[in-house]
Amino acid sequence: MDPQRQAFQGSCHCGFVKYAIYLTVPRQPPASAADEPPADRVYRCNCRICHKSGYMHVRPPSPADDFALLSPVDPFESLGDYQCHDKLLHFFFCRTCGVRCFTFMGDGRVADAQPGEFGIGGEASVKVWRPTGPQAGSNVKKTGCYLSVNGHTLDAGQKGLDMREWVETESVMYYDFLNDDEAGPGRYGKPHPGGSY
């Protein structure tokens, strides 16, 4: 099966936080560790916050085009917001069930999503929250926009979504942030010390 861009839904445990994200599936294993990671990256790092929260990063290539928060429509107002290190990243979590669905840095706004966009049904547009700004298409932390969805919050049972395959085909990259602020090159196949599959 050729890789295709497809909309997937995700949520927290209690269902208050709901989002949609476009990913390219099926994920293709890299030919070698030296290959550039795919545009929509899936990785684990061994930094303390990601390790302790069991975070599996799923980063779409263009947050402005590939991510929509369906509920609530203002994460800064309605979600818990844990910040650490340089206090630039917002580790948003549901205030009811505590699940961390996504991490974000940058600007966002309420916008209209059209029927069919992000797999949204119905006949009328829906209000969603989306990343915005001049860097919202780049998804590079150093440019001012960063979005990473916790892969464990993607709703199970969706056609084309099998996170087991991501690990089994070694298309998950592992980064070593345990002792340094800047990670070295990522690798496939095996986590760094202090990390997990």
Side-chain angles (χ1 to χ4, degrees), residues 4-27 39-45 49-84 89-132 136 139 145-167 171-172 196-197:
Q4 296 179 341
R5 185 174 182 258
Q6 183 176 332
F8 293 101
Q9 307 292 311
S11 61
C12 66
H13 184 258
C14 73
F16 176 68
V17 179
K18 294 183 171 106
Y19 66 87
I21 186 171
Y22 281 104
L23 299 173
T24 301
V25 293
R27 296 200 53 76
D40 55 345
R41 297 183 352 196
V42 175
Y43 66 90
R44 306 264 335 226
C45 77
I49 185 66
C50 293
H51 179 72
K52 290 183 182 289
S53 62
Y55 209 95
M56 176 178 266
H57 293 268
V58 177
R59 299 220 1 237
S62 175
D65 299 321
D66 298 330
F67 178 82
L69 183 62
L70 309 176
S71 170
V73 291
D74 186 346
F76 292 96
E77 182 180 298
S78 302
L79 297 179
D81 182 4
Y82 179 70
Q83 292 183 283
C84 58
L89 293 175
H90 299 271
F91 290 84
F92 289 119
F93 61 93
C94 176
R95 290 180 180 162
T96 301
C97 66
V99 170
R100 290 188 174 144
C101 289
F102 67 102
T103 301
F104 179 71
M105 177 181 75
D107 297 317
R109 68 177 174 86
V110 176
D112 289 324
Q114 301 306 314
E117 189 177 16
F118 292 102
I120 297 170
E123 297 181 14
S125 64
V126 176
K127 297 286 184 199
V128 299
W129 180 89
R130 296 177 80 166
T132 60
N139 202 12
C145 183
Y146 176 92
L147 176 85
S148 181
V149 165
N150 183 353
H152 295 295
T153 65
L154 289 163
D155 295 336
Q158 297 178 79
K159 184 178 179 181
L161 180 67
D162 188 347
M163 291 175 52
R164 296 172 305 171
E165 286 181 357
W166 299 356
V167 175
S171 63
V172 175
S196 64
Y197 287 96

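Side chains included, hydrogens not; waters and symmetry mates left out as well; all remaining heavy atoms used. This one's a predicted model, so the numbers in the text were calculated from it and none came from an experiment.
The two residues His57 and Cys50 make their nearest non-hydrogen contact at NE2-SG, 3.1 Å. Nearest heavy atom pair, residue Asp112 against residue Glu117, reads O-OE1, 4.3 Å. The two atoms that bring Met163 and Gly151 nearest to each other are SD-O, 3.1 Å, heavy atoms only. Trp129 and Asp74 make their closest contact through CD1-CA, 4.5 Å (heavy atoms, listed as atom of the first residue, atom of the second, distance). Scanning all heavy atoms of the two residues, the minimum distance from Asp66 to Pro60 falls at CB-CB, 3.5 Å.
A 4.5 Å side-chain heavy-atom check between Val42 and Leu23 finds every atom pair outside the cut-off. Phe8 places none of its side-chain heavy atoms less than 4.5 Å from the side chain of Val149. Counting heavy atoms from C-beta on, the side chains of Arg130 and Val128 come closer than 4.5 Å.
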Self-check item: Leu70/Ile120 under side-chain contact (heavy atoms from CB on, under 4.5 Å): CA gap, chis, key distance, verdict
Solution: CA-CA 9 Å; Leu70 309 176; Ile120 297 170; 3.8 Å; yes
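Put simply, the side chain of Gln6 gets close to the backbone of Lys159: a donor and an acceptor are under 3.5 Å apart.
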Table please: side-chain donor-acceptor pairs of residues 91-105 below 3.5 Å, with sequence neighbours left out.
from, atom 1, to, atom 2, distance (Å)
Arg95, NH2, Leu79, O, 3.1
Thr103, OG1, Tyr55, OH, 3.2

Show every donor-acceptor pair shorter than 3.5 Å between a side-chain atom in residues 9-21 and any protein atom, with sequence neighbours excluded, or say none if there are none.
from, atom 1, to, atom 2, distance (Å)
Gln9, NE2, Phe118, O, 2.9
Ser11, OG, Asp155, OD1, 2.8
Lys18, NZ, Gly15, O, 3.0
Tyr19, OH, Thr153, OG1, 2.8
Tyr19, OH, Leu154, N, 3.4

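Here Ala7 pairs with Tyr22 under the side-chain contact (heavy atoms from CB on, under 4.5 Å) rule; sequence neighbours left out.
Taking OH from Tyr197 and CZ from Arg44, the interatomic distance works out to 11.5 Å, rounded to the nearest 0.5 Å.
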